Amino acid sequence: MSAPRERPRAGDLLDWYDRHARDLPWRVGPRARAEGVRPDPYRVWLSEVMLQQTTVAAVKSYYETFTTRWPTVQALAAAEDGDVMAAWAGLGYYARARNLLKCARAVAGDHGGIFPDDHATLLTLPGIGRYTAAAVSAIAFDRPEVVVDGNVERVMARLHDEHTPLPQAKPLLTDFAARLTPDTRPGCYAQAVMDLGATICTPRNPACGLCPWRRSCAAWQAGTATELPRKAPKKRKPTRLGIAYLARRVDGAWLLERRPDSGLLGGMLGWPGSDWGDDPQEAPPIRAEWKTLTEEARHTFTHFHLRLTVRTALLPMDRRPDRGEFIELPDFRPSDLPTVMRKAFDLAHAGMRKS
DNA sequence: CATTCGTGGCA
DNA sequence: TTGCCAAGAAT
């Protein structure tokens, strides 16, 4: 027989958080909070949107760029769409950037520039779902919302040694999380559980020996922590083919195209090209002598691999494109492109320098 | 409920 | 090299 498990206590986790809270750019730490410093809801929201399915390491520089360039929600609401999309380039999931602007404009226009402080109203805003509404509500406004992200799912699955696979187990894990959420310091608690998941209760090689909830953890007792949470098997990614046309005018301008708002890389700048599939058809955006690079650009998206054939051409000043528009050099920065388009540019740029 | 939607780091 | 994973939302 195993020793009876103690019920996990929010207070134990808060004590751990007071000692081990990570210093993150968007975070008001437990010490400052105790001194009465409140987080800026705009910054909490911005960081939470950036952190959706994205690592802290990847977010940091983008967060700095955005808060420096657009320090308030009003400033962001007044930004040009293209500037925001360019600033988001490389971070991925570009619907987030489109919704970020929609949300900023809704807050500035419909809410007097003040972020709503309740879960239900936050949920009505673009790009804010269950998790983000709860996180902003808890972290920025210290409301006892049940915050359930991937970290919390993992921590709860292990605490309860729950083997039901996700996403089926989600309601149950949410229920577990709800029973633990305290009324005192809910903002710190929300961040504490996520920190625990990010630094101790990690997917691989969890540091159970350092966990403040170890004595309460059923998976620790059962030795099943690394197996949890279970997840439904993933599908294998198919490979799609495509053709990109990179045209450079003699003055150095490049021919680019704004992608439609919906779908893959929506709203982003990109190279004109074919569709992406099993048998892509030629679709040159301008009459030219196209040369094909020996190396193709390879990129993996969420649900497929892409092999992109890169064709390049040098064009005179007076040639008019059928699609897209030439962007002159000071206005065009490769860093404004989503990664797959930047890969194609890097190949073309290297190739055209050689010849 | 299942699918779509990026990217980089890591084992 | 391949698969897995990260503070999910929208449809």
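Just so it is clear, the values below take in all heavy atoms, side chains as well, and ignore hydrogens, waters and symmetry mates. Numbered from 1 within each chain, the chains take letters A, B, ... in sequence-line order. Just so it is clear, the structure is predicted and the values come from calculations on it, not from any experiment.
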Point to revise | 5' precedence on DNA chain B between A/Pro171 and A/Arg342 (nearest-nucleotide basis) | key: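 Taking each residue's closest nucleotide, the earlier one in sequence belongs to A/Pro171.
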Review point. For DNA chain B, whose closest nucleotide is more 5', that of A/Phe301 or that of A/Asn205?
Key: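 Closer to the 5' end of DNA chain B: A/Phe301.
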[N] [atom2] sits how many Å from [X] [atom1], rounded?
{"X": "A/Lys235", "N": "C/dG3", "atom1": "NZ", "atom2": "P", "answer": "16 Å"}
{"X": "A/Arg298", "N": "B/dT7", "atom1": "CZ", "atom2": "C1'", "answer": "18 Å"}
{"X": "A/His299", "N": "B/dG9", "atom1": "NE2", "atom2": "P", "answer": "13 Å"}
{"X": "A/Met268", "N": "B/dT7", "atom1": "CE", "atom2": "C1'", "answer": "12 Å"}
{"X": "A/Gln52", "N": "B/dG6", "atom1": "CD", "atom2": "P", "answer": "13 Å"}
{"X": "A/Leu91", "N": "B/dG8", "atom1": "CG", "atom2": "P", "answer": "10 Å"}
{"X": "A/Tyr63", "N": "C/dA7", "atom1": "OH", "atom2": "C1'", "answer": "14 Å"}
{"X": "A/Gln53", "N": "B/dC5", "atom1": "CD", "atom2": "C1'", "answer": "10 Å"}

So for [X] and [N], does any side-chain atom that can act as donor or acceptor lie under 3.5 Å from a complementary atom in the base?
{"X": "A/Thr54", "N": "C/dG8", "value": "no"}
{"X": "A/Thr302", "N": "B/dG6", "value": "yes"}
{"X": "A/Arg96", "N": "C/dA6", "value": "no"}

Review point. If you measure from the P atom in C/dT11 to the same atom in B/dG6, how many Å do you get, rounded?
Key: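 That atom pair is separated by 14 Å.
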Practice item. In whole angstrom, give me the gap between the P atoms of C/dA7 and B/dT3. Key: 23 Å
Mind checking [X] for me? I need base, sugar-phosphate or nothing, with any heavy atom below 4.0 Å counting as a touch.
{"X": "A/Trp88", "value": "nothing"}
{"X": "A/Gly197", "value": "nothing"}
{"X": "A/Arg98", "value": "nothing"}
{"X": "A/Gly263", "value": "sugar-phosphate"}
{"X": "A/Arg154", "value": "sugar-phosphate"}
{"X": "A/Thr132", "value": "sugar-phosphate"}
{"X": "A/Lys237", "value": "nothing"}
{"X": "A/Leu123", "value": "nothing"}

Exercise for review: Consider only side-chain N and O atoms of A/Glu282 and A/Ser274, and report whether a donor and an acceptor are under 3.5 Å apart.
Suggested key: no
From C-beta outward on [X], which listed nucleotide comes closest to its side chain: [options]?
{"X": "A/Lys231", "options": "B/dT7, C/dC5, B/dA2", "answer": "C/dC5"}
{"X": "A/Leu264", "options": "B/dC5, C/dG3, C/dA7", "answer": "B/dC5"}
{"X": "A/Arg27", "options": "C/dA7, B/dC5, C/dC4", "answer": "C/dA7"}

Review point. Got more than 12 heavy atoms from elsewhere within 6.0 Å of CZ, A/Arg323?
Key: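 Result for CZ/A/Arg323: enclosed.
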Check your understanding: Of A/Tyr62, A/Tyr63, A/Phe66, which meets ring pair (Phe, Tyr, Trp, His ring centres under 6.0 Å) against A/Trp88?
Key -> A/Phe66
Do [X] and [Y] sit within salt-bridge range, that is, some charged N less than 4.0 Å from a carboxylate O?
{"X": "A/Asp175", "Y": "A/Arg179", "answer": "yes"}
{"X": "A/Asp149", "Y": "A/Arg154", "answer": "no"}
{"X": "A/Arg143", "Y": "A/Asp117", "answer": "yes"}

Phosphate oxygens OP1/OP2 of [N]: is one of them under 4.0 Å from a side-chain N or O of [X]?
{"X": "A/His303", "N": "B/dC5", "value": "yes"}
{"X": "A/Tyr94", "N": "B/dT7", "value": "yes"}
{"X": "A/Thr55", "N": "C/dC5", "value": "no"}

Exercise for review: Report the residue (A/Glu48 or A/Pro126) whose heavy-atom-nearest nucleotide on DNA chain C is the more 5′ of the two.
Suggested key: A/Glu48
**Study point:** Validation row, ring centre A/Trp254 to ring centre A/Phe326 under 6.0 Å
**Key:**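 When the ring centroids of A/Trp254 and A/Phe326 are compared, they turn out to be at least 6.0 Å apart.
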